[in-house]
Enquirer: 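Below you will find the structure I want to go over with you.
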Amino acid sequence: MNLKLVKTENDSNIDIDPIFKGLNPEQHKGVKTIEGPVLIVAGAGSGKTKVLTQRIAFLIANGVPGYNILALTFTNKAAKEMSHRISKIVNESQASRIWAGTFHSIFARILRREAEHIGYTNSFSIYDQDDSLSLLKKTIENRGLDGQSSQTPNQIRSKISWAKNKMITPQQLAKEAKDTKDNFIANVYAYYEEELRKNNAMDFDDLLLNTITLLKNNPDVLEKYQDIFKYILVDEYQDTNKAQYLATKMLANKLENICVVGDDAQSIYKWRGADIKNILDFQKDYPTATIIRLEQNYRSTKLIINAADSVIKNNRHQIPKTLWTDNPEGDKIIVYNSIDEKTEAEYTIKEIKKIMEENRFSPKDFAILYRTNAQSLAYENACRRVNLPYLIVGGISFYRRKEVKDVLGYLRLLINPDDSEALLRVVNEPPRGLGATSLKHIKNFADFKHQSMFESFKEVDVIDELQSRAKNSIKGFINLVIKFQELKETMDLLELVKSYIQETGLIDMYRELDTDDSRDRISNIDQVINDLSDFATNNPESGLDEYLQQITLITDLDEKDTSQNQVKLMTLHTAKGLEFPVVFIAGLEEGLFPLGGSPNFPEDTEEERRLFYVGITRAMEKLYFTYADKRMKFGQTQYQKPSKFLQNVDKKYLSFTEHLNSPIKPNAPTYGSSSYGNSNYIKQQNQTKTGRTPNFRRPDFDDMQFKDDYSQVSKAVAVFRTGDRVTHKAFGVGRIELITGEGKNRQAMVNFNSVGRKKLMLEFAKLEKI
DNA sequence: ATCCGTGAGCTTTTT
DNA sequence: GCTCACGGAT
């Protein structure tokens, strides 16, 4: 398509000039360069979203119809935000036609349209993590593989997911398997895939994989979408995985109007298969690409930017870049060392109250960022105590609650009867006297006849093993579902759902219970129905199947109203893309942030450090780092050192505060690291670095002063090695197969002659070498 | 089939 | 500290 960049060609009645208003020269270029491949390297706070939205507005102003624009993001929220901003500048009907959404939701839409090309029906179910795990467990059990692996189903699931994200098939995995463990995974993986197909279901990873399969095997379909998506934009490109990368590449292959935006310094999803190479190699893929660098930060103070820069410099794998700002110098970062997680939270909340009284800030200007969701509890309690309004962003999603999933399960069954996951979920909810034994008989029958559970439910009369009570129960259940499957064709959607859910007996069950909890659950069920009603109003063309497909991809993040005047609590991952005048980064302790015990791989530490960088660059004016001497973990008090990341920040940007009224600190600690108090820490910041230990490979650890942290406990624990033969009081003789963790967290996987594999904390297990 | 007590294992981070 | 699976009792 040849665009003439003149106003007279517009079919929309907006002026082009306002689109460029207030943009710096690089941003201007980013908006204007709409033909051909473009890479925008956008530093934190450099106006990336502005460029993206103005760019789309510019496309539309030049006569590109909204439906020819594909804008891929990583969260629904980012997509919504983008559409919202665009609809403010351009004709709303055009704006609403833009294909803006997450990779997963856009690809789900495509797959729905083209389902028959890949052997699915268009009412396929989408399995979230819980469904997927449940299916996996059943698969392992049904194939007689339980007890054959030391790995938990969750571990297996994440390994399968990892393989899928890397586009490794079960066959390839089996071929590359290094040990029986890998072989086991490959095996389960193959079976799991079969089960998904039988269920006419896809997990999250399949949404990406199946799209690629579809585009690869159907050139006509590929061309169709290449012609629809004439202009492609990808946000957070540094976080794309192989599947996402390939899909976009295929779609962009014809016209090459692809614009990707990203910042390698903010790549934090490697664990989910993201490959930073995708952004680093963009120029190789598209040699003619225009490269645009947005390096002026409009968000933060000079001090914050410099501090962030001093942190990221510690990473070896980094594109050198200069982020700069015209903003004022700003205050130093306050570092607070607390006794435990409770005093950490109390200090934070007190500080928030103090700042609010002193000047212009209100609750919404504050964010507390932590590494793990579990850390939110102490802050919640502290906020509640002083009546400070707060909102936890993220965390467990509404759509993952039991009663909500039950309702959705019933609905899924209506449109996709092959979905045995949904079937088994709801068949005995409310209790219908259908336990494991009865269902096992039906399952056997279904396998024997090579048909779905649902089909077999219809034929219970011929299954001799079943008690007549169970038979009647099943007939009642199946008739209910069939009745509403038929009514679905004629009845109004909302009415249908209301009476269906009523007749399932779910609501009655909770009504009879009549507890606070059950009343909550009823109101949640009501909320699902309201939600569905909203969807039906907003999408009159769509049916129940589309609702269900989209709902699975919605997270709590997208649902909550974040515009209220509340302090926001969230993980560092969730905070990406957001900004706040005052930011607290909590739990800066070894083993928590960076997470994962000490001896992880340098790449992992680099990713954690990028996460720290993301956290720092969320702050506009004021920034705090807090860490605790001890903290409850797994119900036990754990002592830990301050995070090495604190030492990554140039000292001149920090201002230290110690907890006042501190009770006597344990100065002869039981555990390895609590001697590492605050005053010690400051001293060490001033010391010159100790020399490198020549045989120690990880540079990150050379910089740490671990020396006096190893107590006797750690020493005692450190003598064990892989391969050692040991005895245990209860389990007898065994051999150490694997050692993980460091210091007091050091754990050993021991294979005992009597009881098989056990994972033991070396500190407590009292093993003896033989 | 359901209720309850016990114990093991657990946590990253998200679509 | 919390959840989930398992086993025994009802």
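When reading the values below, keep in mind they use all heavy atoms of this one structure, side chains included, and skip hydrogens, waters and symmetry mates. Letters A, B, ... are given to chains in the order of the sequence lines, protein chains preceding strands, and every chain is numbered from 1.
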Enquirer: Within this structure, what is the CH2-to-C1' distance between A/Trp162 and B/dT14, rounded to whole angstrom?
Expert: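 For the pair A/Trp162 CH2 and B/dT14 C1', the rounded distance is 19 Å.
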Enquirer: Counting the atoms with a prime plus P, OP1 and OP2 as sugar-phosphate, which does A/Phe74 contact under 4.0 Å by heavy atoms, base, sugar-phosphate, or nothing?
Expert: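 Answer is sugar-phosphate: A/Phe74 comes under 4.0 Å of backbone atoms only.
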Enquirer: Specify the separation, in whole Å, of atom CG of A/Asn154 and atom C1' of B/dT12.
Expert: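 It works out to 12 Å between those atoms.
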Enquirer: Atom pairs under 3.5 Å, N or O on each side, protein against nucleotides 3-6 of chain C: can you list them with distances?
Expert:
residue	atom	partner	partner atom	Å
C/dA5	OP1	A/Lys137	NZ	3.1

Enquirer: In whole angstrom, give the distance that lies between atom CZ of A/Arg610 and atom P of B/dT13.
Expert: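 Going from A/Arg610 (CZ) to B/dT13 (P), I get 18 Å.
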Enquirer: Tell me the interatomic distance from A/Glu590, atom CD, to B/dT12, atom C1', rounded to whole angstroms.
Expert: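 So the two atoms are 15 Å apart, to the nearest Å.
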Enquirer: For the side chain of A/Gln155, counting heavy atoms from C-beta on, which of B/dT14, B/dC10, B/dT15 is nearest?
Expert: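 Of B/dT14, B/dC10, B/dT15, B/dC10 is nearest to the side chain of A/Gln155.
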Enquirer: Could you check whether A/Trp271 and the base of B/dT13 form a stacked pair, meaning centres closer than 5.5 Å and planes differing by less than 30°?
Expert: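 Per 5.5 Å and 30° rule: yes, stacked.
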Enquirer: How is A/Ser105 classified with respect to the nucleic acid when contacts are heavy atoms under 4.0 Å: base, sugar-phosphate, or nothing?
Expert: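 Nothing: the residue A/Ser105, judged by heavy atoms under 4.0 Å, touches no strand.
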Enquirer: Quick check on B/dT13: is either OP1 or OP2 less than 4.0 Å from any side-chain nitrogen or oxygen of A/Asn373?
Expert: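 Answer is yes, contact under 4.0 Å.
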Enquirer: Would you call the rings of A/Phe103 and A/Phe107 parallel, tilted or perpendicular if under 30° counts as parallel and over 60° as perpendicular?
Expert: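 Correct class here is perpendicular.
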Enquirer: I'd like to know if A/Lys48 pairs up with A/Asp263 as an ion pair, taking the criterion as any Lys NZ or Arg NE/NH1/NH2 lying under 4.0 Å from an Asp or Glu carboxylate oxygen.
Expert: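 Not counted as a salt bridge, because no side-chain N and carboxylate O are separated by less than 4.0 Å.
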Enquirer: Which atom pairs, one a donor and one an acceptor, fall under 3.5 Å between side chains of residues 422-440 of chain A and the rest of the protein, sequence neighbours left out?
Expert:
residue	atom	partner	partner atom	Å
A/Arg425	NE	A/Asp406	OD1	2.8
A/Arg425	NH2	A/Lys402	O	3.4
A/Arg425	NH2	A/Asp406	OD1	3.3
A/Asn428	OD1	A/Arg432	N	2.5
A/Asn428	OD1	A/Gly433	N	3.3
A/Asn428	OD1	A/Leu434	N	3.2
A/Asn428	ND2	A/Leu434	O	3.2
A/Glu429	OE1	A/Lys402	NZ	3.3
A/Glu429	OE2	A/Lys402	NZ	3.1
A/Arg432	NH1	A/Tyr410	OH	3.0
A/Arg432	NH1	A/Val426	O	3.1
A/Arg432	NH1	A/Val427	O	2.9
A/Arg432	NH2	A/Tyr410	OH	3.0
A/Arg432	NH2	A/Thr504	O	3.2

Enquirer: Under a 4.0 Å N-O cut-off, is there an ion pair linking A/Asp239 with A/Arg272?
Expert: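 The answer is no: the pair does not qualify as a salt bridge.
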Enquirer: Tell me: NZ of A/Lys633 to P of B/dT11, nearest whole Å?
Expert: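 A/Lys633 atom NZ is separated from B/dT11 atom P by 14 Å.
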Enquirer: Can you identify which nucleotide, out of B/dC10, B/dT11, B/dT14, has its nearest atom closest to the A/Thr152 side chain?
Expert: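 Per side-chain heavy atoms of A/Thr152, the pick is B/dC10.
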Enquirer: Which nucleotide, B/dT14, B/dT15, B/dT12, lies nearest any side-chain atom of A/Phe204?
Expert: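 Nearest listed nucleotide: B/dT15.
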Enquirer: In whole angstrom, give the distance that lies between atom CE of A/Met632 and atom C1' of C/dC2.
Expert: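 In whole Å, C/dC2 C1' lies 12 Å from A/Met632 CE.
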Enquirer: Salt bridge check: are A/Lys138 and A/Glu141 linked by an N-O gap of less than 4.0 Å?
Expert: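 No, A/Lys138 and A/Glu141 are not salt-bridged.
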Enquirer: In whole Å, I'd like the distance from the CD1 atom of A/Ile156 to the P atom of B/dC10.
Expert: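 It works out to 12 Å between those atoms.
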Enquirer: Under 30°, 30 to 60°, or over 60°: which ring-plane class applies to A/Phe74 and A/Tyr269, parallel, tilted or perpendicular?
Expert: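 Judged by the thresholds at 30° and 60°, the geometry between A/Phe74 and A/Tyr269 is parallel.
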Enquirer: Let's go through A/Glu346 and A/Thr343 carefully: what are the C-alpha distance in whole Å and the side-chain angles of both, what is the deciding distance for side-chain hydrogen bond (donor to acceptor under 3.5 Å, both in side chains) to 0.1 Å, and is it a yes or a no?
Expert: CA-CA 5 Å; A/Glu346 275 166 0; A/Thr343 51; over 6 Å; no
Enquirer: Expressed in angstrom and rounded to an integer, what is the separation of A/Gln550 atom CD from B/dT15 atom P?
Expert: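 Computing the A/Gln550:CD to B/dT15:P distance gives 14 Å.
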Enquirer: Do A/Phe593 and A/Phe625 make the cut of ring centroids closer than 6.0 angstrom?
Expert: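 No, they do not, as the ring centres are separated by 6.0 Å or more.
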Enquirer: What I want to find out is whether A/Lys270 reaches A/Asp604 closely enough, with some N-O distance under 4.0 Å, to be called a salt bridge.
Expert: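 Salt bridge: yes.
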Enquirer: Would you say B/dT14 has OP1 or OP2 under 4.0 Å from some side-chain N or O of A/Thr571?
Expert: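 Yes, because at least one side-chain N or O of A/Thr571 sits under 4.0 Å from OP1 or OP2 of B/dT14.
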Enquirer: Write out a two-atom table: protein N or O, nucleotide N or O from nucleotides 1-5 of chain B, distance below 3.5 Å.
Expert:
residue	atom	partner	partner atom	Å
B/dA1	OP1	A/Gly435	N	2.2

